[in-house]
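Take a look at the structure below.
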Amino acid sequence: MNETKGGVDFTLEPAELASILIGATLLHNDVGGVIVETEAYDTTDPASHSFNGMTPRNAVMFGPPGHAYVYRSYGIHWCVNVTCGKRAGAVLLRAIEPSAGIEIMRERRGLAPLRLLCAGPGRLCQALAISIAHNGADLEKPPFAINPRETAPDIIVGPRIGITKAVDQPWRFGLKGSRFLSKPFPRA
DNA sequence: CTATTGATGTTCT
DNA sequence: GAACATCAATAGA
């Protein structure tokens, strides 16, 4: 509704928010860029961390929308979600197109080529210095900011990556033609 | 380009 | 003890 004044409506359900976030700008301490890839995780989705109810790890998902749910992936990486919807929904941020603080991100990522700076949930968190310390943080307040897109881009949809349940659900969203995706989308 | 595999630590059963 | 919303390096086409 009121998509005025630099606000994204985080009460939208995950699939809708995931689509709307494509083209929005994510910043952490003025470092970041344009979101080009997301995935939706609904509370009714067996692949969602919230599917089996609240645990210490996923408690943030059951809190207010618009906050960061950060978890450790494969023991090595961080992944960040935006909580959303009426109950325990989330949108996984998978890739951004670097536009602000590129030199800082390049140092954090160890001289990675521009195209791979933020192409993937683990890489994105490393480049933006997001960690468990930010779990539960309000993404609408400093040091974070999410600015809505101004015009709707062409969006491509496909199955999600790296999951073993509900693998056929088309809940991965990407900016069509972007060179900064974590993986190509199947042909459309 | 695709496919495969090892590294790594936390969470949950 | 098993599973895991990943990455980087490697080999091959």
Side-chain angles (χ1 to χ4, degrees), chain A residues 10 13-19 21-22 26 35-63 65-85 87-98 105-137 139 155-175 177-188:
Chain A
F10 293 107
E13 293 305 313
E16 197 171 355
L17 180 65
S19 172
L21 282 180
I22 301 298
L26 169 69
I35 298 171
V36 296
E37 184 181 347
T38 59
E39 282 178 5
Y41 288 89
D42 194 87
T43 186
T44 59
D45 167 17
S48 172
H49 287 174
S50 62
F51 181 70
N52 288 314
M54 188 162 60
T55 68
R57 177 177 68 158
N58 67 18
V60 171
M61 292 182 74
F62 292 80
H67 289 236
Y69 165 48
V70 183
Y71 69 94
R72 176 113 42 201
S73 172
Y74 289 89
I76 314 171
H77 309 286
W78 301 110
C79 295
V80 62
N81 296 250
V82 183
T83 61
C84 70
R87 187 185 123 85
V91 173
L92 172 67
L93 303 179
R94 288 194 56 90
I96 68 177
E97 175 177 339
M105 292 192 280
R106 187 173 283 256
E107 287 176 23
R108 289 174 180 157
R109 291 270 302 123
L111 303 180
L114 179 63
R115 185 179 165 166
L116 296 179
L117 261 194
C118 307
R123 293 165 177 153
L124 187 158
C125 282
Q126 189 182 6
L128 298 206
I130 294 174
S131 76
I132 193 64
H134 306 101
N135 192 37
L139 293 174
I155 292 178
I156 189 167
V157 177
R160 294 173 291 181
I161 297 204
I163 58 173
T164 59
K165 299 166 189 164
V167 293
D168 292 331
Q169 294 294 341
W171 287 337
R172 178 182 179 220
F173 300 85
L175 178 62
S178 173
R179 311 188 315 278
F180 299 95
L181 302 172
S182 64
K183 287 178 62 173
F185 276 73
R187 286 269 337 188

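Every value quoted in this text rests on a predicted model; they were computed, and no experiment measured them.
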Without decimals, in angstroms, what is the distance between [X] [atom1] and [N] [atom2]?
| X | N | atom1 | atom2 | result |
| --- | --- | --- | --- | --- |
| Lys165(A) | dA5(C) | NZ | P | 8 Å |
| Trp78(A) | dC7(C) | CH2 | P | 15 Å |
| Met61(A) | dT11(B) | CE | C1' | 15 Å |
| Lys183(A) | dA8(C) | NZ | C1' | 15 Å |
| Tyr69(A) | dT11(B) | OH | C1' | 10 Å |
| Leu181(A) | dA5(C) | CG | C1' | 17 Å |
| Asn58(A) | dC4(C) | CG | P | 16 Å |
| Leu124(A) | dA5(C) | CG | C1' | 13 Å |

Look up atom [atom1] in [X] and atom [atom2] in [Y], then write down how far apart they are to the nearest 0.5 Å.
| X | Y | atom1 | atom2 | result |
| --- | --- | --- | --- | --- |
| Glu97(A) | Arg179(A) | CD | CZ | 6.5 Å |
| Tyr74(A) | Cys79(A) | OH | SG | 9.5 Å |
| Arg115(A) | Leu181(A) | CZ | CG | 9.0 Å |

Please check this pair: side chain of [X] against backbone of [Y], looking for a donor-acceptor N/O pair closer than 3.5 Å.
| X | Y | value |
| --- | --- | --- |
| Asn58(A) | Thr55(A) | yes |
| Ser50(A) | Ala88(A) | yes |
| Arg109(A) | Leu117(A) | yes |

Nearest of [options] to any side-chain atom of [X]?
| X | options | result |
| --- | --- | --- |
| Arg115(A) | dA7(B), dT6(C), dC1(B) | dC1(B) |
| Leu92(A) | dA7(B), dC7(C), dA5(C) | dA5(C) |
| Ile76(A) | dA5(C), dC7(C), dA7(B) | dA7(B) |
| Tyr41(A) | dT6(C), dC7(C), dA5(C) | dA5(C) |
| Ile161(A) | dA5(C), dT6(C), dA8(C) | dT6(C) |

side-chain N/O [X] vs [N] OP1/OP2, d < 4.0 Å:
| X | N | value |
| --- | --- | --- |
| Arg109(A) | dA8(C) | yes |
| His49(A) | dA5(C) | yes |
| Ser73(A) | dA5(C) | no |
| Arg72(A) | dT6(C) | no |

Using a 4.0 Å heavy-atom cut-off across all strands, classify [X] as base, sugar-phosphate, or nothing.
| X | value |
| --- | --- |
| Thr164(A) | sugar-phosphate |
| Asn52(A) | nothing |
| Arg57(A) | sugar-phosphate |

Starting at the 5' end of DNA chain C and moving along, which residue's nearest nucleotide shows up first, Leu116(A) or Ile163(A)?
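Checking each residue's closest nucleotide, the 5'-ward one belongs to Ile163(A).
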Who does dA5(C) pair with, Watson-Crick or G-U, both distances under 3.5 Å?
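Answer to the pairing question: none, since dA5(C) forms no Watson-Crick or G-U pair.
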Complementary nucleotide for dT8(B) - Watson-Crick or wobble, under 3.5 Å
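Result: none.
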Quick test of the criterion, 5.5 Å between centres and less than 30° between planes. Is Tyr71(A) stacked on dA5(C) or not?
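Check failed, Tyr71(A) does not stack on base of dA5(C).
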